[in-house]
Structures are given as C-alpha cells and as structure tokens.
Amino acid sequence: MMSSTTSLDACNPAFNATVSASAGSGKTWLLITRTVRLLIEGAEPGNIIALTFTRKAAGEMQIRLNQRLFEMATAEGSELEAILTLIGSPVNNNTKTVAAGLYESLMHSLHPIRIQTFHSFCQDILSRFPLEADIPPGFDLIEDSSLLEHQAWQTLFNEASLSAKPADKQHPGHTGQNTLNDELDVIMQICNGPDNTLTALNSFLSHRSDWWAFTAHTKNPVAFARDQLAQSLQLDAQTISGEKNPVDPLLSQTNQLNLQIFANFLREIKNKTSEKHADTIYAALAQSDDNFTQFASIRSAFIKKDGEKLIQGRQYNPTLEKKLGPDHTTRFIELHDEISEKILQIDEQLKRLLSLKINNAWYFAGQRYVDIYQQLKRQLRLLDFTDLEWKCYELLQHADNAHWVQYKIDQRIDHILIDEFQDTNPTQWHLLSPILDEIAANPEQRPRSIFLVGDEKQSIYSFRRANPALQAQASQWLADNLNARATPLDFSRRSSSAIINCVNHIFEQDDISAIMTGYTTHDTYLNTLPGQVVLADLFEEDEATEIEPIYFRNPLEQARVLSEKNVRQKEAAYIAEKIGRLKNTPSLITDNGTVRAIEYGDIMILMR
C-alpha cells in the first residue's frame, strides 16, 4: 500500500517519495528543496543525480538550486532559521553552519550534483563502458539525423530495385519469400505513393526500440513478429499459405445451389434492382477461374458499400409476400440472412489476411530500413538519442558484464530525483530498474533514496514514446519495494479558481476518470484571483468552398492574393475580436497585488 505524506514529508531524505504534482503547484520548489535537504543531511554532491527531459528544464533546475544555496549563504541568523523552517529542516547550530556553507562548497566540489537529461545520463554511462556496450569508443552524438535517414531511404530503394522479381499477387494473405521490392510495392499500394510510404517507414524507424524490445533474442525478427500477429488474428498456417481459401465455403456445391435459388427468387420479384442482383449472382457462378472475383461479385448482391447487409427489399412486407408467396418469402429472407452472414465472415477473414500481409510488408521493409540506418551510423561512429537509451538499457540488463557495470554505476549513485516522470518511456524506466533493484536489495548498506515527481495530465511527449501510465506503475513498484510514500500536490499557486474548476470539471467526467483513476480534486491558493474560461467556437472548412482558378503571375509585379475564406482566417478574426473586447471593456487583472486594466502584453496566444 502507498502511504500518503505532506509536501514537506516528501522533501525528507529519510523517505522515498512519489509526488503527483499538478501544474503550478510548486513541484520544482519541492525537488530543489529535497536536494537541499539531502545536502544538509550530508549526502555527497557527486552521488546525487537529478534527471529531467529537456536541457532547458535541467538548466532551470541548476539555476534554481544555485539561487537557493546563495540565498542561504547570504542570509543572517534569523533569516536562515526561517528558510530552514520553511523547508522542514531541523534548525540547530550544525544545520545552520552546513546550510550557510553549501554554496561555497558546491562551487569548489570536484564532483558536483549531476542535473541531467535522461539522454545525457545514458551518454555518460556509455562513454564509461563503450566496449561492454558494443559501441565505438569516442562516439559522437548526432542530434539531427535527417540527412542519414534520407541516405538510408535512398539505399533502401536502390536495394529494392536490384531485388525486383514477379510476386504472387493473388492470395491476399501471401507472406512467402517475397523480395524487398515486393514488400515495398505492397506498402506503396496501401499508402498511395512514396510520400506516405516514407511516413510509414519513418514511423517504424522512430519506434525501433519498441521493435527491438519486441523481437529481442529471436533469430528472425520479421518471422517472429508475423507469427505473433497471425496468432492474434487467429489465422492458421493453411489459411496464411493459401492452402485453405477463405472464399471456398461460399462456393461449395450446396451454397452454389442456395445462391441459384436465391437468384431465382430475385427474378420473381421483378424489379430493376432485383433483376440486376440476380444477373450478378448468375454471372459470378458462371465463372470458375478466379474465386476472389466470384466472391466480390456475389458480395455486391448482398452487402452494401459501407459493409452493412442490404435491407431494402430483403425484409418481410406484404408486397414481397404477394410476389413470392408466404413459404417462398420466408425462405428468401432466411437465405439472404444465411448467405450475408457467411459473406461477412469471409470478409472478416480476408481483412485479417490483408492486415497480416500489410504488416508483414511493413515489418520486412522497416527492418531493412533500420538495418541500413544503423549501419550508416556505425560507419561514422555516431549514435542518436534512441541508440543512447537502447544501448544503455542493453548494457545494464543483458550485457555479458551487466552485473559488473551495475556495480560500478551503483557506487556513484545514492540519491535519484526524477522530474516530469509522466514523459518517461518504457526503455528509460527499464534502464533505471537495475539501479532501483540494487537500492531495494540493500537498504541498510548506506543512506539512499528515490524521489520522482510528475503529472499524467501534462504528458506531451507521446511522439517520443512517453507513456503516462508508467507513473502509476512506478509509484506502485516503489511503494511495494521501497516503501515509497505518495504525495498529491494539487493546490495551485498559479491559477485562478475559474481555471481549476474547469480542470476538475473535465477530469472528473466518468469517461476520463475511468482512465485516470488517481486523479484528485484540485484547488488553488489564489481564490480571490479573477479568471475566466471560455469555450471557443470550432471552425471547419465550408463544404461548398469555391475552387480558385489557377493562373500564372509575375511575382515581381503582382503580389500573391491570399484567400480570406479559410479556417485560419476565421480563427484569427475570432481571436482578434475577443482580444479587442478584453481591451476595450476593459477587463481587470491582478498584477503583483494591484488591480489594473488589461494590456496587450498580458495576453498570450498558444498554437500547436
């Protein structure tokens, strides 16, 4: 069970703590306070590591820490006592002496506190153990890999052109010994051209660490992934290979007889639509060379384009009974339902086979794209950010010398503080787990602690594989293994009641609270601060937008005419009108305790 604490308890170095902190609630103050408390308690600066997700955040934390230490170094006796009381530190001659000297001692420390991004942390570890991690010593970090990705893309297509050969185009689930050219051709057809194909394969490249984790320790990653997907889709080997055709049951002798009977009924109804469908069924039954063409024709007589069963003319009504008679009407409706259901079942099988074929092509081409990209970097002795995380994870979890490396790293880390934990991805969490396991295994060895803070609502790095659900999982693991105490920090020091009430209204809805089970009702210290939440209009493109004529112009003589009928123009006009109303009313705001009229400089427009 996770035990609760107050915010000052979460700063106590004697406790491991997990903090769920909403925006503006003072989480950075809390993190800096815990760091200062660690230093006052005698922790070695070089054995404290604070991890965050951006260089800007790391720089801000360093500045805030230096400011806090400088404030204590220059404070007089009573002022210093007030600072120590505020952060929950014991107040005595020893703590006052230590606190006053921290600024100077840290400035001259050979091993200062490490405030780093996750990637910087991984880079330090890999730089110390390059041979154990199977990377080139003295590697360089590449931050913009667009040129290498373009080179890998060109190389991939060059290989594809050399491997071109005719492919089996008939069976929708065919996953035989196709070439790279065949698989790229499948993706091209599904994605409607090279641009979308590039987007699909770049998605594979950007999530390659997930691919590596999924296919780790398998001899053939593509075959393994394909088999796992086939199992999830409940497709057997005979269906995948084409030995068993999903369409065959519909074209059995019994079903063909039923289809003929149904077509005869359609002709007895004697209207244009029924006659057309009857002709379609007879024409399909007359074919025998292509089962899939037969199926597609028969399907059109029973299923609408949206995938739903045809209803019009296929349900009981007096007119139908008059034309077919009572017994034939019942049989007609039964046959329609029976055949339609079989067609829908076959449809589902064909969709699953197509899904398998598309994904197999994506796996095959994506794997080769990643291999080429990784090879290009090896030749240049380069690593990118994904490599840093994955190589560090493998070094600490699966390398031959993993335990020795863990021991060496463990000697330099006593206290871990993690900021913005909601932006952690699975690889980052797993590379930390050996260090946390060691802390949990030897709690009496020396004073050690873990502190993490985050807010699921603020997770914005999903494109970097951030998983906000990890925060709850990590908090529970720390509670179970390190007796970590959970601290909700849900009182805002920044926002008005209007903002907080809006947040509560949104996140306490049943659909959202079912996903975010740990959400607690937020409040604010600024109850008297005025505020307002306005739900803006939603602008969409007009369906009857006029297509402007295309003409050539001389840009040196004639300026480009921009249309004022698009969504952006409407949004801009709406925002301008709202700002004008705020300024001209005028609206009042609080500025350092003083109420004044709003100015243009008080307004910020955020764009995605």
Side-chain angles (χ1 to χ4, degrees), residues 168-174 189-190 192 232-236 238-358 540 542-544:
D168 178 7
K169 302 295 182 184
Q170 184 179 16
H171 183 62
H174 177 75
Q189 291 178 27
I190 296 299
N192 297 319
S232 299
L233 294 173
Q234 299 179 342
L235 294 172
D236 57 53
Q238 291 178 317
T239 302
I240 294 171
S241 66
E243 294 177 27
K244 186 168 70 175
N245 193 325
V247 175
D248 287 346
L250 183 68
L251 301 177
S252 66
Q253 188 173 357
T254 301
N255 280 322
Q256 286 197 40
L257 180 60
N258 286 336
L259 284 165
Q260 289 174 1
I261 294 171
F262 187 81
N264 289 335
F265 285 146
L266 287 173
R267 284 190 170 165
E268 289 181 32
I269 295 173
K270 296 180 180 179
N271 64 42
K272 289 184 178 179
T273 303
S274 297
E275 290 283 353
K276 176 185 174 184
H277 287 158
D279 292 343
T280 299
I281 293 171
Y282 276 118
L285 293 175
Q287 297 178 8
S288 59
D289 56 337
D290 188 347
N291 286 359
F292 292 105
T293 302
Q294 279 183 285
F295 171 75
S297 297
I298 294 171
R299 182 186 185 280
S300 67
F302 291 87
I303 307 298
K304 295 187 290 185
K305 290 182 179 180
D306 62 2
E308 297 293 326
K309 294 180 184 179
L310 281 170
I311 297 176
Q312 188 174 2
R314 308 290 173 92
Q315 293 179 316
Y316 175 81
N317 61 68
T319 303
L320 184 64
E321 185 175 4
K322 184 177 180 181
K323 291 182 178 181
L324 297 180
D327 293 341
H328 285 177
T329 298
T330 301
R331 181 58 176 156
F332 172 75
I333 294 173
E334 287 176 351
L335 280 175
H336 172 70
D337 290 340
E338 179 185 329
I339 297 170
S340 296
E341 194 58 40
K342 286 181 180 178
I343 290 173
L344 290 176
Q345 291 174 3
I346 294 171
D347 253 355
E348 179 63 25
Q349 281 289 93
L350 292 176
K351 288 176 182 177
R352 294 184 183 194
L353 284 168
L354 181 60
S355 177
L356 180 66
K357 181 177 182 179
I358 294 168
E540 297 178 333
D542 294 332
E543 293 184 3

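Basis for what follows: all heavy atoms, side chains included, without hydrogens, waters or symmetry-related copies.
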How many angstroms lie between [atom1] in [X] and [atom2] in [Y], if you round to the nearest 0.5 Å?
X	Y	atom1	atom2	value
Ser241	Leu235	OG	CG	11.0 Å
Gln349	Leu354	CD	CG	12.5 Å
Leu250	Arg299	CG	CZ	11.5 Å
Ile346	Leu251	CD1	CG	7.5 Å
Asn317	Gln312	CG	CD	10.0 Å
Glu275	Arg267	CD	CZ	6.5 Å

(message) Restricting to side chain to side chain contact (heavy atoms under 4.5 Å, CB included), what partner residues turn up for Thr293, sequence neighbours left out?
(response)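 Thr293: side chain to side chain contact (heavy atoms under 4.5 Å, CB included) contacts with Gln287, Asp290.
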Which atoms form the tightest heavy-atom contact between [X] and [Y], and what is the distance?
X	Y	result
Ala301	Arg314	O-NH2, 2.9 Å
Gln260	Tyr282	O-OH, 3.6 Å
Tyr316	Ile333	N-CD1, 3.4 Å
Ala278	Ala263	CB-O, 3.6 Å

(request) Assess whether atom NZ of Lys276 is packed by more than 12 heavy atoms of other residues, nucleotides or ligands within 6.0 Å. (result)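 No - once you tally the heavy atoms of other residues, nucleotides and ligands closer than 6.0 Å, there are 12 at most.
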(request) Please answer whether the main-chain N or O of Pro249 pairs with a side-chain N or O of Asn255 as donor and acceptor at a distance below 3.5 Å. (result)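 Yes, because the side chain of Asn255 sits within donor-acceptor range (under 3.5 Å) of the backbone of Pro249.
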(message) Has Ser340 got a side-chain atom pairing as donor or acceptor with Asp337's backbone, closer than 3.5 angstrom?
(response)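 A pair under 3.5 Å: no.
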(request) Quick one: sort the Phe262 and His336 rings into parallel, tilted or perpendicular, breaks at 30° and 60°. (result)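 Ring orientation of Phe262 relative to His336: parallel.
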(message) Quick check: do Glu334 and Thr330 have side-chain heavy atoms less than 4.5 Å from each other?
(response)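 Yes - at least one pair of side-chain heavy atoms lies under 4.5 Å apart.
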(request) Apply the test side-chain contact (heavy atoms from CB on, under 4.5 Å) to residues Ile343 and Phe295: give CA-CA distance (whole Å), side-chain angles for both, the deciding distance (0.1 Å), then the verdict. (result) CA-CA 8 Å; Ile343 290 173; Phe295 171 75; 3.9 Å; yes
(request) Test side-chain contact (heavy atoms from CB on, under 4.5 Å) on Leu344 and Lys309 and set out the steps. (result) CA-CA 9 Å; Leu344 290 176; Lys309 294 180 184 179; 3.8 Å; yes
(request) Given side-chain contact (heavy atoms from CB on, under 4.5 Å), test Arg331 with Asn258 step by step and report yes or no. (result) CA-CA 10 Å; Arg331 181 58 176 156; Asn258 286 336; 3.6 Å; yes
(message) Taking salt bridge (charged side-chain N to carboxylate O under 4.0 Å, His left out) as the definition, give me every residue that meets it alongside Lys342, ordered by chain and number, with sequence neighbours left out.
(response)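 Scan of Lys342 (salt bridge (charged side-chain N to carboxylate O under 4.0 Å, His left out), adjacent residues dropped) gives Glu338.
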